[in-house]
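Below you'll find the structure, written out as structure tokens, and then a few comments.
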2 protein chains.
Amino acid sequence: MSDEIDRLALANQICFAAYSASHAFARRYKPLLAVLGVTYPQYLCLLVLWERDGLSVKEIGQRLLLDSGTLTPLLKRLEAIGLLVRRRDRADERVVRISLTERGRALRATAEAIPPAVMQATGCSVAELGALRDGLLALRDNLLAEVEDEAG
Amino acid sequence: MSDEIDRLALANQICFAAYSASHAFARRYKPLLAVLGVTYPQYLCLLVLWERDGLSVKEIGQRLLLDSGTLTPLLKRLEAIGLLVRRRDRADERVVRISLTERGRALRATAEAIPPAVMQATGCSVAELGALRDGLLALRDNLLAEVEDEAG
DNA sequence: AAAAATTAAATAGTACACAAGTTAAAATTC
DNA sequence: GAATTTTAACTTGTGTACTATTTAATTTTT
């Protein structure tokens, strides 16, 4: 009769596992990122820009799955602390291009120390982390695909 | 030679995977929770209270890994829409106990339909979801344990 | 080429999250 | 048993996220 697990039990919720793991990462990153003077979402923007500089707000949003409502103020803060500059694209004035400053680029070297510290803190093997990552990305893409199906 | 670099990238990828999967869940839940008239974090509180009513703010926070700075305003909103009541504990006036109203309890029946819909949307098997959940919870607990070691 | 539609950012408003500090009550110490 | 410490919740301030709306620039249609 109670083969049926309690689907509303918190412990059974994959979404709570993702939610709380994501927050745990943020807390773990916080003291490490304090050295750089940035928050976790700001760090994500830097990761994207270190990979390819001069992206538009929209392109950054596509990589991080965030919209301009979130990114505009965030990028303004990064500009205010001198890590990047925001400039309208000459060829298309609707577009704002984000370019790292010298300081923004230089920060990359300091940031190299962060990932190994976090990986060590997870207490997981490389194989486990890889499997977890792949599972999460597949799950995430399925969730988002269904959301878009409905919109379209 | 570039084993090292791959590992560094992985650390960023696993946390971004958790971060973006968590947001994808929130977006997926949104239309489902709109029927209940609550947000995702509010829904988490209801899950906890459906499991055991009359918990203190602190006890809810321990289950959800949230502090009173987050919970107090959230619980006030749930009280404002008539799903619960907040009352000082007679025996210990520091403690605020949260009790579901009749409407708050009744909402559970409606909520039963949500987890299967979300599970289906993940496109993952029950076994996959279970493995993912367990991996995430283990990872999360490792991350938080290290944070506390430093504090203590 | 003027009108209509689309697009990219920005803005306004709501709701988390979290750190730091406050207040009031209870437990501990002396 | 008064003074100190601890505890629980609240409050304040900063920074995401997201919806919906607005503005300005570009495309597309006609």
Side-chain angles (χ1 to χ4, degrees), chain A residues 15-16 18-31 33-34 36-46 55-62 64-81 86-98 144 147 151, chain B residues 16 18-31 33-34 37-46 55-62 64-81 86-98 144 147 151:
Chain A
C15 61
F16 177 64
Y19 168 91
S20 57
S22 175
H23 287 148
F25 268 119
R27 281 175 219 168
R28 221 337 161 168
Y29 267 101
K30 189 155 216 215
L33 293 175
L36 308 190
V38 300
T39 65
Y40 180 65
Q42 289 169 6
Y43 169 71
L44 289 179
C45 283
L46 292 178
L55 291 173
S56 69
V57 173
K58 184 186 174 63
E59 288 167 330
I60 295 174
Q62 285 168 339
L64 299 181
L65 305 177
L66 296 172
D67 68 4
S68 73
T70 300
L71 287 174
T72 295
L74 190 159
L75 292 168
K76 283 184 176 176
R77 283 181 205 110
L78 288 175
E79 184 175 44
I81 60 177
R86 300 157 59 251
R87 263 190 307 257
R88 291 275 163 189
D89 187 314
R90 198 75 62 75
D92 185 342
E93 290 277 345
R94 291 173 302 182
V95 173
V96 169
R97 299 222 160 266
I98 309 299
L144 294 179
V147 169
Chain B
F16 178 64
Y19 169 90
S20 57
S22 176
H23 287 147
F25 267 120
R27 283 174 217 169
R28 204 27 168 131
Y29 266 101
K30 189 155 218 221
L33 293 175
V38 299
T39 65
Y40 180 65
Q42 288 169 6
Y43 169 70
L44 288 179
C45 282
L46 291 178
L55 291 172
S56 67
V57 173
K58 183 186 176 63
E59 288 166 331
I60 295 174
Q62 286 168 337
L64 299 182
L65 305 177
L66 296 172
D67 68 2
S68 72
T70 300
L71 287 173
T72 295
L74 190 158
L75 292 168
K76 282 184 176 176
R77 282 177 210 114
L78 288 175
E79 185 175 42
I81 60 176
R86 301 158 59 251
R87 264 189 308 255
R88 291 275 163 188
D89 187 313
R90 198 75 62 75
D92 184 343
E93 289 279 344
R94 291 172 303 182
V95 173
V96 168
R97 300 223 159 264
I98 310 298
L144 294 179
V147 170

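Since this is a predicted model, take the numbers as computed values, not measurements. A note on names: the letters A, B, ... follow the listed sequences, proteins ahead of strands, and every chain is numbered from 1.
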Take atom [atom1] of [X] and atom [atom2] of [N], then tell me their distance rounded to the nearest Å.
| X | N | atom1 | atom2 | result |
| --- | --- | --- | --- | --- |
| A:Asp67 | D:dT21 | CG | P | 15 Å |
| A:Leu33 | D:dT16 | CG | P | 11 Å |
| A:Leu78 | D:dT16 | CG | C1' | 12 Å |
| B:Tyr29 | D:dC18 | OH | C1' | 18 Å |
| B:Arg27 | D:dT19 | CZ | C1' | 12 Å |

Could you list, one pair per line, each protein nitrogen or oxygen that sits under 3.5 Å from a nitrogen or oxygen of nucleotides 11-13 of chain D, together with the distance?
| residue | atom | partner | partner atom | Å |
| --- | --- | --- | --- | --- |
| D:dT11 | OP2 | B:Lys76 | NZ | 2.9 |

Where is the tightest heavy-atom contact between [X] and [Y], given as atom of each residue plus distance?
| X | Y | value |
| --- | --- | --- |
| B:Val57 | B:Leu71 | O-CD1, 3.6 Å |
| A:Cys45 | A:Leu75 | SG-CD2, 4.3 Å |
| A:Tyr19 | B:Leu44 | CE2-CD1, 3.5 Å |

Mind checking the [atom1]-[atom2] spacing from [X] to [Y]? Nearest 0.5 Å is all I need.
| X | Y | atom1 | atom2 | value |
| --- | --- | --- | --- | --- |
| A:Leu78 | A:Thr39 | CG | OG1 | 7.0 Å |
| B:Ile60 | B:Ile98 | CD1 | CD1 | 5.0 Å |
| B:Arg27 | B:Lys30 | CZ | NZ | 10.5 Å |

Base, sugar-phosphate, or nothing: which does [X] touch, judged by heavy atoms less than 4.0 Å apart?
| X | result |
| --- | --- |
| B:Leu71 | nothing |
| B:Arg77 | sugar-phosphate |
| A:Arg86 | sugar-phosphate |

Short side-chain N/O contact from B:Tyr19 to OP1 or OP2 of D:dA17, under 4.0 Å: yes

Contact under 4.0 Å: B:Arg88 side-chain N or O vs D:dA8 OP1/OP2: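 B:Arg88 to D:dA8 OP1/OP2: no side-chain N or O under 4.0 Å.
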
Set of side-chain hydrogen bond (donor to acceptor under 3.5 Å, both in side chains) partners for B:Arg88, sequence neighbours left out: none

Partner set under side-chain hydrogen bond (donor to acceptor under 3.5 Å, both in side chains) for B:Ser68, not counting sequence neighbours: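 If we apply the side-chain hydrogen bond (donor to acceptor under 3.5 Å, both in side chains) test to B:Ser68, skipping adjacent residues, there are no hits.
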
Whichever of A:Leu66 and B:Leu75 has its nearest DNA chain D nucleotide further upstream toward 5': B:Leu75

Atom CZ of A:Arg87: over 12 foreign heavy atoms under 6.0 Å: no

Comparing A:Lys30 and B:Gln42 on DNA chain C - which has the more 5′ nearest nucleotide: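 Its nearest nucleotide being more 5', the pick is B:Gln42.
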
Sort me out a list of protein N/O and nucleotides 22-26 of chain D N/O pairs below 3.5 Å, or just none if empty.
| residue | atom | partner | partner atom | Å |
| --- | --- | --- | --- | --- |
| D:dT26 | OP1 | A:Glu93 | N | 3.1 |

B:Thr72 vs B:Lys76 side-chain heavy atoms within contact, under 4.5 Å: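 Yes, their side chains come closer than 4.5 Å.
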
Non-hydrogen side-chain atoms of A:Arg97 and A:Glu59 separated by less than 4.5 Å: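 Contact flag for A:Arg97/A:Glu59 side chains = yes.
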
Start and end of chain A contact along DNA chain C [non-hydrogen atoms, under 4.0 Å]: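 Endpoints of the contacted stretch of DNA chain C: C:dT7 to C:dA19.
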
With B:Tyr29 via ring-ring contact (aromatic ring centres under 6.0 Å, His included) - residues at least two apart: B:Tyr40, B:Tyr43

